[in-house]
Amino acid sequence: MFPERFSTLPEYAFPRLRALLDAHAPGGEAVHMTIGEPRHPFPGWVGDIIAETAGEFGRYPANDGTPGLLRAICDWVKRRYGVALAPETDVMALNGTREGLYNAMMALCPESKNGKWPVVLLPNPFYQVYMVAALSVGAEPVLLPAKRENGHLPDFSAAPAELLGQVTVAYLCSPSNPQGAVAAREDWAHLIGLAELYDFKIFADECYCEIYRDTPPPGALEVASEMGADPERVVAFHSLSKRSNLPGLRSGFVAGGPETIARMKQLRAYAGSPLPMPLQHAAERLWDDEAHVTENRRLYQEKYALADEILGAVPGYEPPEAGFFLWLPVEDGEAAALELWKKTGVRVLPGAYLGREVEGMNPGKHYIRAAMVAPKDEMAQGLTRLRDCLYA
Ligand SMILES: Cc1ncc(COP(=O)(O)O)c(C=O)c1O
């Protein structure tokens with residue numbers, strides 16, 4: 001006996017990719033550009049802090065975050081966005097943002113809205129946890145295509161008023177995975193305005209916010225605060241995975257209004273998986289330190305320049321504004337990924353695996369996603385082979 005609620009979930013993107021490619025030998029030395037796992041170095045002192053505080057593995061961790069970590073997070077939010085948050089009430093430490101993006105739905109999505117079932121808005125394509133979070137609470141996921149003509153962001157104004165009346169949560173990822181699109185101040189302001197009008201929450205997934213070309217992407221908390229919006233409106237998610245090249249540390253945070261955070265803390269007390277204490281100590285130092293973040297961004301800026309140089313003449317190439325993915329137009333993403341692997345050994349992800357077909361259209365179908373995480377030389381080799389194979 002198994003639940004039906006997940007019966008329509010397709011296989012996750014990476015097993016699908018293995019099924020597509022692994023029966024075929026690579027046509028050259030393999031270059032992996034599929035997984036968005038950062039590969040720049042993280043600060044060496046992280047290991048020292050963990051070693052110095054290893055004795056605390058013998059204690060149950062602070063559920064919501066140590067006071068020092070919560071203070072460091074609030075200081076960072078103030079530096080980055082100019083928004084003053086209270087460490088005791090407005091933030092909670094997460095074991096990586098993926099669990100937070102999921103558990104926030106458990107804690108915050110009401111069972112009904114205006115007498116109807118809840119609706120959750122997602123961009124299409126999207127980071128996969130959004131869909132499973134909506135399904136887990138029995139909400140109806142409604143996918144809004146993030147099309148090229150709308151700057152690869154979902155067009156919330158296309159949602160009819162009747163539907164908006166049922167919306168409990170809207171996810172927006174900026175800078176976005178997979179397209180590297182950035183929501184401008186006006187985009188956030190428009191969505192926050194709709195959320196105020198129709199009384200829903202925004203889950204702002206901003207884990208790529210420190211990886212950009214030259215202008216820091218505006219944040220949802222910043223725009224909400226400038227607008228004087230209800231502090232419970234925006235729930236923002238941030239991570240050390242990309243900012244500090246520590247996806248294995250599993251450390252992030254959620255910020256929002258006091259009631260939002262209190263509800264998330266309550267759920268965490270029952271069913272949460274808090275970050276071990278030595279890792280919380282390391283995270284505190286990481287949020288306090290900007291030098292390693294600046295250096296990390298510099299390395300990505302070199303990679304943007306390299307991608308622009310190699311792919312600049314490819315028809316339809318759109319230089320990503322931020323993040324570390326290239327979202328490249330092709331006739332058919334699956335066919336292109338297979339051809340590229342078989343002919344050159346370069347491994348990329350078909351865009352369709354990150355989206356869903358709605359009304360006969362999957363907005364990722366005509367794209368492939370390539371991650372710019374490998375060392376520069378390897379990345380240059382991969383992108384050159386990709387260009388010569390797919391765009392010659
Ligand atoms: C858009 C997006 N959101 C959230 C996450 C989760 O990151 P983490 O759980 O490592 O903080 C990722 C990871 O790849 C991502 O791409």
Side-chain angles (χ1 to χ4, degrees), residues 13-14 16-37 39 123-126 145-153 175-182 208 211-213 299-355 357 361-392:
F14 295 106
R16 277 176 90 182
L17 183 72
R18 288 193 288 273
L20 177 72
L21 303 185
D22 285 358
H24 306 275
E29 199 187 331
V31 176
H32 294 271
M33 306 190 86
T34 51
I35 300 188
E37 181 176 70
R39 286 168 61 185
N124 190 20
F126 56 95
K147 294 187 194 157
R148 184 189 180 112
E149 51 269 33
N150 199 41
H152 293 291
L153 293 169
S176 70
N177 171 5
Q179 309 94 330
V182 169
Y208 293 94
I211 302 173
Y212 52 83
R213 286 180 184 249
L299 295 175
Y300 281 115
Q301 285 165 345
E302 285 181 2
K303 289 182 169 176
Y304 294 135
L306 193 63
D308 293 351
E309 189 188 311
I310 297 171
L311 300 172
V314 164
Y317 170 67
E318 291 176 282
E321 284 180 74
F324 53 53
F325 293 111
L326 296 168
W327 187 238
L328 302 170
V330 288
E331 181 63 29
D332 176 288
E334 248 185 346
L338 185 59
E339 182 188 354
L340 189 62
W341 174 247
K342 285 186 359 190
K343 289 193 175 155
T344 74
V346 175
R347 212 168 161 98
V348 297
L349 195 65
Y353 293 6
L354 301 166
E357 190 170 304
M361 200 264 295
N362 181 332
K365 183 171 168 40
H366 304 296
Y367 287 89
I368 49 173
R369 190 190 78 173
M372 296 189 282
V373 291
K376 245 172 70 181
D377 289 354
E378 192 182 325
M379 183 188 127
Q381 230 199 76
L383 290 186
T384 307
R385 283 196 238 160
L386 182 154
R387 180 197 60 199
D388 295 346
C389 174
L390 299 179
Y391 302 106

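Any value given below was found using the heavy atoms of this structure, including those in side chains, with hydrogens, waters and symmetry copies removed. It should be emphasised that the depicted structure is a prediction, and the values quoted were computed from it without experimental measurement.
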Next on the checklist: Is it the case that atom CD in Glu302 sees more than 12 heavy atoms from other parts of the structure closer than 6.0 Å?
Outcome noted: yes
Item to check | His366 (side chain) donor-acceptor with Glu331 (main chain) under 3.5 angstrom | outcome: yes
Checklist entry - If you round to the nearest 0.5 Å, how far is NZ of Lys303 from CD1 of Ile211? => result 10.0 Å
Item to check | Heavy-atom pair of closest approach, residues Asn124 and Gly355 | outcome: OD1-CA, 3.2 Å
Item to check | Validation row: Asp308, Arg213 side chains within 4.5 angstrom (heavy atoms) | outcome: yes
Checklist entry - So do the side chains of Leu390 and Leu328 get within less than 4.5 Å of each other, counting heavy atoms only? => result no
Checklist entry - Between Asn362 and Ala352, what is the shortest heavy-atom contact and its length? => result ND2-O, 3.1 Å
Item to check | Point-to-point distance, once rounded to the nearest 0.5 Å, from CG of Leu306 to CE of Met379 | outcome: 4.5 Å
Checklist entry - Are any of the side-chain heavy atoms of Pro329 and Tyr391 separated by less than 4.5 Å? => result yes
Item to check | Within-4.5 Å side-chain heavy-atom neighbours: Pro175 and Glu321 | outcome: no
Checklist entry - Is there side-chain contact between Thr344 and Leu386, with at least one heavy-atom pair below 4.5 Å? => result no
Checklist entry - Is Phe325 close to Pro320 at the side-chain level, that is, under 4.5 Å between some pair of heavy atoms? => result no
Checklist entry - Atom CH2 in Trp341, atom OG1 in Thr34: separation rounded to 0.5 Å? => result 9.0 Å
Next on the checklist: Are the side chains of His152 and Tyr367 in contact, using a 4.5 Å heavy-atom criterion?
Outcome noted: yes
Item to check | Rounded distance [0.5 Å steps], CG in Leu20 versus CZ in Arg347 | outcome: 8.5 Å
Checklist entry - Which atom pair, heavy atoms only, marks the closest approach of Pro145 to Met361? => result CB-CE, 4.3 Å
Item to check | Residue pair Leu17 / Pro350, side-chain heavy-atom distance below 4.5 Å | outcome: yes
Next on the checklist: I'd like to know whether Asn177 forms a side chain to side chain contact (heavy atoms under 4.5 Å, CB included) with Phe324, so could you lay out the CA-CA distance, the side-chain angles of the two residues, the decisive distance to 0.1 Å, and finally the verdict.
Outcome noted: CA-CA 8 Å; Asn177 171 5; Phe324 53 53; over 6 Å; no
Checklist entry - Between atom CD of Glu318 and atom CZ of Arg148, what is the distance when rounded to the nearest 0.5 Å? => result 3.5 Å
Item to check | Minimum heavy-atom distance between Pro125 and Leu354, given as atom pair plus value | outcome: CB-O, 3.1 Å
Next on the checklist: To the closest 0.5 Å, what do you measure between CZ (Arg387) and CG (Leu340)?
Outcome noted: 13.0 Å
Item to check | Candidate pair Glu378 and Arg39, rule side chain to side chain contact (heavy atoms under 4.5 Å, CB included), full reasoning | outcome: CA-CA 12 Å; Glu378 192 182 325; Arg39 286 168 61 185; 3.6 Å; yes
Checklist entry - Only one of Leu349, Ile368, Val348, Val373 clears side chain to side chain contact (heavy atoms under 4.5 Å, CB included) with Met33; which? => result Val348
Checklist entry - Heavy-atom count around Glu37 CD within 6.0 Å, excluding the residue itself: above 12? => result no
Checklist outcome for this item: Closest non-hydrogen contact found for Met372 with Tyr300 is O-CE2, 3.6 Å
